[in-house]
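Letters A, B, ... are given to chains in the order of the sequence lines, protein chains preceding strands, and every chain is numbered from 1. We use all heavy atoms of the structure for the numbers below, so side chains are in, but hydrogens, waters and symmetry mates are not.
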Amino acid sequence: MPILDKLRLDGRVAIMTGAGRGLGRAMALALAEAGTDLVATARTQSQIEETAVLVRERGRRCLPVVCDVTDSGSVNAMVEAALAEYGRIDILVNNAGGITPGFANSLTDISDQTWRTGIDTNLTGAMYCSRAVIPHMVKQASGKIINVTSGFGLRAGRDNFMYTTAKAGLINFTRSLSLTYGPAIQANLIAPGLFPHDDPAMSEWWKGGKYTPMGRLGRDEELGPLCVFLASDLTSYMNGQIIVLDGGGLAGGHAPTGFAPVVPLAEEEGRGK
Amino acid sequence: MTDEFSLAGKNALVIGASNSLGRAAAVALAEAGANVGVTTSTRLQREEVAANSCANEVWALNRKGFAQAIDAADEADVRAAIERAVLEFGKLDVLVNAQDLPFAKPLTEITPAEWRRVLDVNLTGVYLACRAAGERMLSQEYGRVINIASVLGERGMANVGAYCAAQAGVLNMTRALALEWARRGVTVNAIGAGWTAGMGIIGGDEGRQALERYLPYKRLAKPEEIAGAVVYLASDAAAYLTGQVIWIEGGALSHV
């Protein structure tokens, strides 16, 4: 089969959590364009209905299901609904997550509940979804789980506790998934850099990408092809790994220092050429 | 969606297509639509035969291509290969560094000449190719550099000190160069390949069987399983991806 055809996902079924906007919507549409039917979930019905319209415009089926990933009952019901509609699940993208109340609190100002909400939203939700889907993937002897972590899963931040801890936990959760259920099932991660999701305030907060090596911020639609690549047969030997898409941010750092000055080699007396 | 991965109209050079990973990369690029020139890693005759046969596969896919025997550690040789790609294709968009010189020996027995040769081909060769291709890519404000390295750039292994040092060097040079060229239209990434069939440091049937017992997949990678990432990184779909290593290693690095 020619290599580009291996990116086609016709006949496969994908669940996208956090599908109502931003990266989740962009990845859902990319999967639809590659041929998958979708289950689009999020907490806000109107947003997943909009995503469903866009998926159907691309000629694919879409089942919008309201689901709170921090509630295992809600997750299990969503997966049952997906199976009732399609009879199979080939791809699970754990994309739901984000900053939660008390995000930037100092450690002593984080309440037990604030901590749990942050960890549940960004880590436990992915476990609930994976736990509900895995038996069906095992039965099919195939499946792809794609977990969306963050640069903050690999590097830390000051006064950033729940989010960095949960996103780092998600990375090692994914590695254990890969060792437990591979090679039939592959579990990998995407770590997006700074994506303002068309929000001018976020763009402004990140200075338009001035301190990102590439000099710009990410565009949601740039996540789409990466999601398709990881969902495809081209990545069958890739398991438990992270692809960072961040315009060079983690290769060095989102730093204002830029280029090192030129430092010539010292003249060493008596040293031959 | 798959259009974004197409390489139709792009022109590539694969250094070291005489080994199994380089060959799979070259064939994958051609399948995705690119013209592909290929070279050897060293001037060994068996490498020249392999590179010629790889070029035949490129031609069979109706793409332009050529094979050139080079020493990947020789500045003039590397420059000549890049000049030839520009001459034959008119432009060079994609450089894949797959040069590989396998070598394993206890460190106290490695001669300084052996050390230098291993570092020269596996690491300095990548620098030479990046420098020569980079001049072109920076002037056209477009380019994709893909360095194929090994899990031995991240994990150590007894008797493989020189090769491990070179592979780790490739990974961190990739990061530094990506930052240097980030605003000039050229992305620089690496692929960290797992233990792959047809590559050097595996060591006969016994070594292969021991590896297969250890690997989560219980088998080596097929070279084609690495090559998909070469196409992704070479394509417009990966325009925002730079300075990264994509590991394709069947879970080998996730193990304790």
Count the heavy-atom pairs under 4.5 Å between each of A:T174, A:V228, A:I242, A:L217 and chain B, then report the option with the highest count. A:L217

Would you please test A:L7 and B:Y232 for side-chain contact (heavy atoms from CB on, under 4.5 Å) and show each step? CA-CA 10 Å; A:L7 290 157; B:Y232 171 59; over 6 Å; no

Interface check, chain B: of A:G182, A:S236, A:A184, A:S232, most non-hydrogen pairs under 4.5 Å belong to A:S236

Between A:V244, A:L29, A:L234, which shows the greatest number of heavy-atom pairs under 4.5 Å with chain B? A:V244

CG/B:D3 to CG/A:L4 distance, rounded to the nearest 0.5 angstrom? 8.5 Å

Under the 3.5 angstrom rule, does the side chain of B:R183 hit a backbone N or O of A:P213 as a donor-acceptor pair? yes

Toward chain A, the part of B:R184 with a non-hydrogen atom under 4.5 Å: neither

What I'd like to find out is whether the side chain of B:T2 reaches to under 4.5 Å of the side chain of A:D5, using heavy atoms alone. no

Take a 6.0 Å sphere around NZ of B:K218 and say whether it holds more than 12 heavy atoms from other residues, nucleotides or ligands. yes

Please flag which part of B:T187 lies under 4.5 Å from any non-hydrogen atom of chain A: side chain, backbone, both or neither. side chain

What distance separates A:S178 OG from B:Y217 OH, expressed to the nearest 0.5 Å? 8.0 Å

Count the heavy atoms of every other residue, nucleotide or ligand shown that sit under 6.0 Å from CZ of A:F152, and state whether that count exceeds 12. no

If I take atom CD from residue B:E4 and atom CD from residue A:E33, how far apart are they, to the nearest 0.5 angstrom? 7.5 Å

Please check if atom CH2 in B:W59 has more than 12 non-hydrogen atoms from other residues, nucleotides or ligands closer than 6.0 Å. yes

Heavy-atom count check: over 12 atoms from other residues, nucleotides or ligands less than 6.0 Å from A:R131 CZ? yes

Check this for me: A:D199, atom CG, are more than 12 non-hydrogen atoms of other residues, nucleotides or ligands nearer than 6.0 Å? yes

Does A:N239 reach the side chain of B:P216, with side-chain heavy atoms less than 4.5 Å apart? no

Heavy-atom count around A:E204 CD within 6.0 Å, excluding the residue itself: above 12? no

With a cut-off of 6.0 Å (strictly less than), are more than 12 heavy atoms of other residues, nucleotides or ligands near OH of A:Y181? no

Report the C-alpha separation of B:I246 and A:M238 in whole Å, then their side-chain angles, then the decisive distance to 0.1 Å, and conclude whether the side-chain contact (heavy atoms from CB on, under 4.5 Å) test is met. CA-CA 9 Å; B:I246 295 187; A:M238 183 172 178; 4.0 Å; yes

Does any non-hydrogen side-chain atom of A:R175 lie less than 4.5 Å from one of B:L253? no

Considering only heavy atoms, which portion of B:L215 lies under 4.5 Å from any heavy atom of chain A: side chain, backbone, both, or neither? side chain

Look only at the side chain of B:E31 and the backbone of A:I3, and say whether a donor-acceptor pair between them is shorter than 3.5 Å. yes

Which heavy-atom pair separates A:P225 from B:A237 by the least distance, and what is that distance? CB-CB, 3.4 Å

Counting only heavy atoms not in A:R58, do more than 12 sit closer than 6.0 Å to its CZ atom? yes

Turns out that what part of A:E221 lies under 4.5 Å from chain B's heavy atoms comes down to neither

Could you tell me if the side chain of B:Q244 sits less than 4.5 Å from the side chain of A:L250, heavy atoms only? yes

Which atoms of B:E180 are under 4.5 Å from chain A, going by heavy atoms: the side chain, the backbone, both sets, or neither? both

Given heavy-atom pairs under 4.5 angstrom as the criterion, report whether the side chain, backbone, both or neither of B:A229 touches chain A. both

Short question: side chain of A:Y237, backbone of B:A221 - any donor-acceptor pair under 3.5 Å? yes

As an exercise: rank A:S176, A:G240, A:G215 by heavy-atom pairs under 4.5 Å with chain B and give me the winner. A:G215

Measure the shortest side-chain to side-chain distance between A:Q241 and B:E249 over non-hydrogen atoms and say whether it is less than 4.5 angstrom. yes

Among A:L226, A:T235, A:D233, the residue with the most heavy-atom pairs under 4.5 Å to chain B is A:L226

Find out whether A:L223 and B:Y240 are in side-chain contact, i.e. whether some heavy atom of one side chain is under 4.5 Å from a heavy atom of the other. no

